[in-house]
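Some notes on the structure that comes next.
Below, each value reflects all heavy atoms present in this structure, side chains not excepted, and no hydrogens, waters or symmetry copies.
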Amino acid sequence: MSDEELTTMSSREVGARMRKIREQRGISKADLAARVGATEDQLDAWEAGQGVAPYLTIRAIAEALSTTVDAFVG
């Protein structure tokens, strides 16, 4: 597996976990994006695995979802 494939797989996994927790909490993409200072398009891309949010944004997302960063990357 190449480094690029590993990075893509990891970002997809992080995004999928983020989306799952957001949906379990009943929070819309628009609401979460507003809470963390991102756009809905950015959040949509991160949840789709098209890159990973900056660490401070991931921390803000975790806090907004009442979870930890480990829940996304663990």
Side-chain angles (χ1 to χ4, degrees):
M1 179 177 294
S2 72
D3 288 343
E4 184 176 311
E5 290 171 320
L6 181 59
T7 300
T8 301
M9 184 177 71
S10 297
S11 58
R12 275 192 222 134
E13 201 168 310
V14 169
R17 290 175 181 180
M18 189 183 305
R19 178 178 46 252
K20 181 179 179 181
I21 293 168
R22 179 184 57 75
E23 290 173 347
Q24 288 173 339
R25 302 286 194 272
I27 299 172
S28 71
K29 282 185 207 175
D31 185 34
L32 181 58
R35 289 184 195 191
V36 301
T39 67
E40 195 171 342
D41 286 341
Q42 286 174 310
L43 186 61
D44 199 35
W46 297 329
E47 287 186 355
Q50 299 169 351
V52 178
Y55 180 74
L56 291 178
T57 303
I58 291 176
R59 279 187 37 197
I61 291 170
E63 186 175 307
L65 295 176
S66 300
T67 192
T68 64
V69 172
D70 284 345
F72 305 142
V73 298

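Across all non-hydrogen atoms, the minimal contact from Ile21 to Ala71 is CD1-CB, 3.7 Å. Counting all heavy atoms, side chain and backbone alike, Ala30 lies closest to Glu40 at CB-OE1, 3.5 Å. For the residue pair Ser11 and Gly49, the shortest heavy atom distance occurs at OG-O, 3.0 Å. Among all heavy-atom pairs drawn from Ala64 and Ile27, the shortest one is O-CD1, 4.0 Å. Between Val69 and Ile58, the shortest heavy-atom contact is CG1-CG2, 3.9 Å.
Looking only at side-chain heavy atoms (C-beta outward), Leu43 and Met18 come within less than 4.5 Å of each other. Using a 4.5 Å heavy-atom cutoff, the side chains of Thr57 and Gln42 are not in contact.
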Check against side-chain contact (heavy atoms from CB on, under 4.5 Å), Phe72 and Leu65: CA-CA 11 Å; Phe72 305 142; Leu65 295 176; 3.9 Å; yes
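In this structure, the separation between CZ on Arg22 and CD on Glu47 is 4.0 Å, given to the nearest 0.5 Å.
Applying the side-chain hydrogen bond (donor to acceptor under 3.5 Å, both in side chains) criterion to Arg35, with sequence neighbours excluded, gives Asp31. Residues passing the side-chain hydrogen bond (donor to acceptor under 3.5 Å, both in side chains) test with Arg19: none are found, sequence neighbours excluded. For Arg17, the side-chain hydrogen bond (donor to acceptor under 3.5 Å, both in side chains) partners are Glu13, not counting sequence neighbours.
Atom CD of Glu63 is surrounded by 12 or fewer heavy atoms from other residues, nucleotides or ligands within 6.0 Å.
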